[in-house]
There are 2 protein chains.
Amino acid sequence: MNRVFDRSALRGIGTLAQTMHVSAGGDAPLDRDNATLVYIVAGAAKLIARAAIDREQVAAFNFADDIVMVPAQGAHAYLLQALVDCELLVFPYATLRDAVQVDPAVLARLLDNCDNALNRCREKALVLGRKTASERIACFLLSMAARIGVASGAAVLLDLPMSRRDIGDGIGLTIETVSRQFSLLREDHLIATQGRSKVLLLDLPALKQRAGYLKNRA
Amino acid sequence: MNRVFDRSALRGIGTLAQTMHVSAGGDAPLDRDNATLVYIVAGAAKLIARAAIDREQVAAFNFADDIVMVPAQGAHAYLLQALVDCELLVFPYATLRDAVQVDPAVLARLLDNCDNALNRCREKALVLGRKTASERIACFLLSMAARIGVASGAAVLLDLPMSRRDIGDGIGLTIETVSRQFSLLREDHLIATQGRSKVLLLDLPALKQRAGYLKNRA
DNA sequence: CGTACAATTGAGGTACTTCAACTTCCGTGG
DNA sequence: CCACGGAAGTTGAAGTACCTCAATTGTACG
């Protein structure tokens, strides 16, 4: 595991950090006026962009060992909400950026992390702007499989920490459309569900087909 | 101007760079298998994510002095296309990241740049996922005003280098819907257009209203 | 075991898309 | 300078994918 904040890195910047425990459903109490960097020690969270109280977009789902860059409030408000109980390490972005200049290797890893987040966000933009409901669900499931999936023979088991509403807010659909798409995938035997949160991906190739990925892959 | 690659920075990394000239409409011939960092010396470009030949999302519009991080090809292909004739400075991302560790200040500015791109991408995700057509157009115009707008009394003049199709591909609408929304804004005297590319924003407060920004701003 | 909430399913509405025709713009050549 | 032609943009009519509203079923927790 190539953690951004390994023991030696933390020795230098640990004093800048603030440890937080946020219980499931709660908002991380972050500074709204300054960008913040949050290291998720344990748990799972969603970063939401809020345009109105009843209209929000999940900008990213994040899990243990992820680093989340939470923007300051601008035209819209950003909140980091815990999906399950979380342990967080919180840094003011500007302070951290300046402090880690004594350790360029850590800075480079921060850059890599930011680049990864940017790439995921761009994939999300493509999904939101140009994909159908069934493609969106397939993309979502495959992306979750890559991050928190557990191989189970030819299948992949997902234990999703987020609700159907969260999923919908993440891929720009309503809770009902998400539910209908799950039902279609079940009918076609691409997935099986168990309870509210467990999803078994039965046919990854077929899911990739539905995701609308490029045909001519390297 | 706080350029990322000022004279002293370029002295150290200039040898890594490749200069390119791309004429309007052309693709920058980048390495598809590795992430690339492009500094736009002059011109304007669009970064597109392609799901199919007839289905692409503009991930970002970029202008002179911008740094664009172009992902390697994954599930989808990314292309940097020139909107007008461009002069570019191209770096392999990984090589550059390692090389600039001798100059943490440059690394920190790269991180800031990446953070800005991430923030813009997240705003885009919110627009694509949760905004109506009229809100999207307003958001687009305001975002362009902030980047390439020229104050003209109380109004702001835009000389858009991209077509209606590009705009649509950027905010997830069809060319026809974009056109209809422009017509509505004209009827309501929020904008005036002149030729294909010039847009005069006549009423910024009203545009912000239509953009669906948060009411209770600090 | 019962309650509260999450998820599913159905019926009807709507915002945007698709398809098609027309108009404007603007570079080119007469 | 003006006329031409092709591309870009605009406008209209019809279709559809997704949303909204409403009722039912399922799930997890006390």
Side-chain angles (χ1 to χ4, degrees), chain A residues 23-25 46 51-52 54-57 83-85 127-141 158-188 191-199 210 212, chain B residues 23-25 46 51-52 54-57 83-85 127-141 158-188 191-199 210 212:
Chain A
S23 47
K46 56 175 173 173
D54 60 340
R55 209 157 52 131
E56 52 188 47
Q57 174 68 35
L83 294 168
V84 301
D85 291 1
V127 165
L128 292 171
R130 288 281 174 251
K131 299 237 178 192
T132 65
S134 76
E135 289 171 335
R136 291 181 199 208
I137 293 285
C139 285
F140 168 78
L141 290 174
L158 288 180
D159 191 354
L160 298 176
M162 73 289 283
S163 68
R164 297 287 187 271
R165 173 168 303 282
D166 291 331
I167 295 172
D169 287 343
I171 57 181
L173 298 172
T174 59
I175 179 174
E176 293 96 333
T177 300
V178 171
S179 185
R180 274 184 259 268
Q181 291 299 329
F182 268 89
S183 297
L184 288 176
L185 289 172
R186 266 191 298 261
E187 284 171 26
D188 296 348
I191 67 168
T193 56
Q194 183 187 343
R196 284 174 183 161
S197 62
K198 288 191 179 56
V199 180
R210 294 212 182 186
Chain B
S23 45
K46 56 174 173 173
D54 62 338
R55 209 157 51 131
E56 51 190 48
Q57 173 68 35
L83 294 169
V84 300
D85 291 2
V127 165
L128 292 170
R130 287 281 174 252
K131 300 236 177 193
T132 65
S134 76
E135 289 171 334
R136 291 181 199 208
I137 293 284
C139 285
F140 168 78
L141 290 174
L158 288 180
D159 191 354
L160 298 177
M162 72 290 283
S163 68
R164 297 287 188 272
R165 174 167 301 282
D166 291 331
I167 295 172
D169 286 343
I171 58 181
L173 297 173
T174 60
I175 178 173
E176 294 96 332
T177 301
V178 171
S179 185
R180 275 184 258 269
Q181 292 299 327
F182 268 90
S183 297
L184 288 175
L185 288 173
R186 267 191 298 262
E187 283 172 27
D188 296 349
I191 66 169
T193 57
Q194 181 188 343
R196 283 172 182 161
S197 62
K198 288 190 178 56
V199 180
R210 293 212 183 185

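Sequence lines set the chain letters: A, B, ... in the order given, protein chains first and strands last, and positions in each chain run from 1. Computation of the quantities below employed the complete heavy-atom set of this structure, encompassing side-chain atoms and omitting hydrogens, waters and symmetry-equivalent molecules. Bear in mind the structure is a predicted one, so any value in this text is a computation, not a measurement.
When the nearest nucleotides of DNA chain C are assigned to B:Q181 and A:F182 by heavy-atom distance, the more 5′-ward of the two goes with A:F182.
Taking 4.5 Å as the limit, some side-chain heavy atom of A:V199 sits within range of a side-chain heavy atom of A:F182. Using a 4.5 Å heavy-atom threshold, the side chains of A:L160 and A:I167 count as touching.
Note that the first and last nucleotides of DNA chain D, 5' to 3', having any atom under 4.0 angstrom from a heavy atom of chain A are D:dC18 to D:dA28. Nucleotides of DNA chain C lying under 4.0 Å from heavy atoms of chain A occupy a range whose first and last members, 5' to 3', are C:dC5 to C:dA11.
In this structure A:R210 satisfies the salt bridge (charged side-chain N to carboxylate O under 4.0 Å, His left out) test together with A:D188, sequence neighbours excluded. In this structure, A:D85 has no salt bridge (charged side-chain N to carboxylate O under 4.0 Å, His left out) partners at least two apart in sequence or on a different chain. Legend: residues meeting side-chain hydrogen bond (donor to acceptor under 3.5 Å, both in side chains) with A:R186, ordered by chain and number and at least two apart, are A:S183, A:T193. Every residue two or more places apart in sequence or in another chain that forms a side-chain hydrogen bond (donor to acceptor under 3.5 Å, both in side chains) with A:T177 is listed here: A:T174. Under the side-chain contact (heavy atoms from CB on, under 4.5 Å) criterion, A:S197 pairs with A:D159, not counting sequence neighbours.
Across all strands, B:R186 comes closer than 4.0 Å only to sugar-phosphate atoms, never to a base (heavy-atom distances). Within the 4.0 angstrom heavy-atom criterion, only backbone atoms of the sugar-phosphate kind lie near A:R164; the bases stay farther away.
Applying a 4.0 Å cut-off to non-hydrogen atoms, the residues of residues 171-180 of chain B that approach DNA chain D are B:E176, B:S179, B:R180, listed by residue number.
The shortest heavy-atom contact between A:A24 and A:L83 is CB-O, 3.7 Å.
Note: A:L185 CG to A:Q181 CD = 6.5 Å, rounded to the nearest 0.5 Å.
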Let me have the donor-acceptor pairs involving side chains of residues 129-139 of chain B, under 3.5 Å, with sequence neighbours excluded, atom names and distances please.
from	atom 1	to	atom 2	distance (Å)
B:R130	NE	A:E56	O	3.3
B:R130	NH2	A:G168	O	3.2
B:R130	NH2	A:D169	OD1	3.1
B:R130	NH2	A:L173	O	3.0
B:K131	NZ	A:H76	NE2	2.9
B:K131	NZ	B:A211	O	2.7
B:K131	NZ	B:G212	O	3.0
B:T132	OG1	B:E135	N	3.4
B:T132	OG1	B:E135	OE1	3.4
B:E135	OE1	A:R55	NH1	2.9
B:E135	OE1	A:R55	NH2	3.4
B:E135	OE1	B:T132	N	2.9
B:E135	OE2	A:R55	NH2	2.8
B:R136	NE	B:K131	O	2.8
B:R136	NH1	B:I171	O	2.8
B:R136	NH1	B:G172	O	3.3
B:R136	NH2	B:L128	O	3.1
B:R136	NH2	B:K131	O	3.1

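Using five terminal pairs a side, the axes of the helix from C:dC1-D:dG30 to C:dG30-D:dC1 at its two ends make an angle of 50°, given in steps of 10 degrees.
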